[in-house]
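The first residue in the sequence is number 1, and the count goes up from there. Please read these numbers as outputs of a predicted model, since none were measured by experiment.
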Amino acid sequence: MSFILARCISHACTRTHCIGIRWMSVRPPSPSSSLTNNLLPRKKVTLGTLHSLYASKTPITMLTAYDYPSSLACSSSPLVDITLIGDSLAQVCLGYESTTQLTLDEMIHHAKAVKRGNKHPLLVADMPFGSYHVSLEDTVRNAVRLVREAGVESVKLEGGREIAPIVRRLKEVGIPVLAHVGLQSQKHTSLSGYKVQGKKAEGARKVLEDALGLQDAGAWGVVVEAVPKELGKYVTDTLNVPTIGIGAGPWTTGQVLVYDDMMGTWSGHKAKFVRRFANMKEVRDSGVRAYAEAVRDGSFPHKEEESYTMDRDELIKFMEEASVLP
């Protein structure tokens with residue numbers, strides 16, 4: 001046997017594995033895996049569940065998700081009540097400058113992925129800018145697409161009393177609506193930026209009137225964004241449906257944060273109301289750096305612990321056959 005063949009066999013046969021098994025770096029979890037089992041800690045959240053939480057004054061927890069992994073993360077805690085596929089995916093996932101650039105097809109694509117990872121939370125999706133501004137017929141058609149193609153259970157609409165007819169029509173066809181008042185990112189241009197709303201009496205009255213009008217139109221709840229905490233409390237105390245605050249103080253019925261803000265992976269502007277409950281950006285960047293360094297210095301992959309080998313006899317046979325190839 002040649003010196004090269006002997007050396008190759010010596011290295012390869014240090015550890016042996018069954019050669020009849022194929023391996024891949026990412027494999028579907030088995031039905032009995034602990035991951036799958038741990039994702040079923042709570043019965044499915046429904047609108048009835050949320051109304052019960054509201055009646056018992058139990059704070060409602062909502063968190064955004066934009067893909068399968070972030071959806072699994074939302075479902076990992078039984079304390080998360082609602083998963084929202086927010087139009088903020090335009091910036092945090094797609095790199096757009098504004099939510100107004102997001103299309104309905106892009107929202108449906110992401111919502112499908114979130115649906116596949118969602119377990120118990122109620123699944124809500126934003127209707128993107130332009131998808132509910134043309135006509136009632138188009139709005140219903142677009143909302144039906146989100147329900148039918150993406151499997152969402154409710155849609156969220158930004159706007160004031162002017163969209164009350166839309167909310168009413170969607171409720172008539174059986175699509176629950178979560179309203180959104182205060183700061184509305186889809187109107188950031190007309191609002192001259194992302195500014196706190198309702199700081200003056202006139203603006204506060206508009207926020208309140210919008211919320212009341214949308215409640216009367218049939219919205220099951222109202223997101224209240226970027227308003228003074230006093231106004232957030234007053235709106236909450238006045239309405240008969242849950243309020244979900246984001247920068248609206250501690251007295252709303254529930255709270256919502258953008259996943260990337262909460263996890264600390266968003267490197268853009270940090271709003272005053274954002275609390276970073278983790279610092280995943282540091283962990284992520286550290287992992288990428290360590291991997292690249294290990295490849296550069298040759299320490300990854302380890303020849304024993306992270307490499308496969310051939311059966312000795314099969315290796316000999318292969319080397320003999322390969323040696324006569326042209």
Nearest 0.5 Å, what's the [atom1]-[atom2] distance between [X] and [Y]?
X      : Y      : atom1 : atom2 : value
His133 : Thr139 : NE2   : OG1   : 8.0 Å
Glu162 : Asp210 : CD    : CG    : 6.5 Å
Ile246 : Ser88  : CD1   : OG    : 8.0 Å
Leu84  : Met62  : CG    : CE    : 5.0 Å
Lys270 : Arg276 : NZ    : CZ    : 6.0 Å
Leu178 : Leu47  : CG    : CG    : 9.5 Å

Is a donor from one side chain sitting under 3.5 angstrom from an acceptor on the other, for [X] and [Y]?
X      : Y      : answer
Glu304 : Ser307 : no
Asp105 : Thr103 : no
Thr49  : Ser52  : no
Tyr96  : Glu106 : yes
Thr265 : Tyr259 : no
Tyr54  : Ser56  : no

Does [X] belong to the same Ile/Leu/Val/Met/Phe/Trp/Tyr cluster as [Y], with side-chain heavy atoms less than 4.5 Å apart forming each link?
X      : Y      : answer
Val256 : Leu53  : yes
Leu89  : Trp266 : yes
Leu239 : Ile163 : yes

Problem - Pair Arg42-Asp81, salt bridge (Lys or Arg N to Asp or Glu O under 4.0 Å): steps then yes or no - result: CA-CA 10 Å; Arg42 180 182 176 185; Asp81 304 301; 2.8 Å; yes

Is the count of non-hydrogen atoms from other residues, nucleotides or ligands lying under 6.0 Å from [X] atom [atom1] greater than 12?
X      : atom1 : result
His109 : NE2   : no
Arg205 : CZ    : no
Phe273 : CZ    : yes
Lys317 : NZ    : no

Salt bridge or not for [X] and [Y], using N-O below 4.0 Å?
X      : Y      : value
Asp67  : Lys112 : no
Arg289 : Asp285 : no
Lys44  : Glu153 : yes
Arg168 : Glu172 : no

Handout entry: Residue among Val222, Thr252, Leu208 satisfying side-chain contact (heavy atoms from CB on, under 4.5 Å) with Val235
Key =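 Considering Val222, Thr252, Leu208, a side-chain contact (heavy atoms from CB on, under 4.5 Å) with Val235 is found only for Leu208.
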
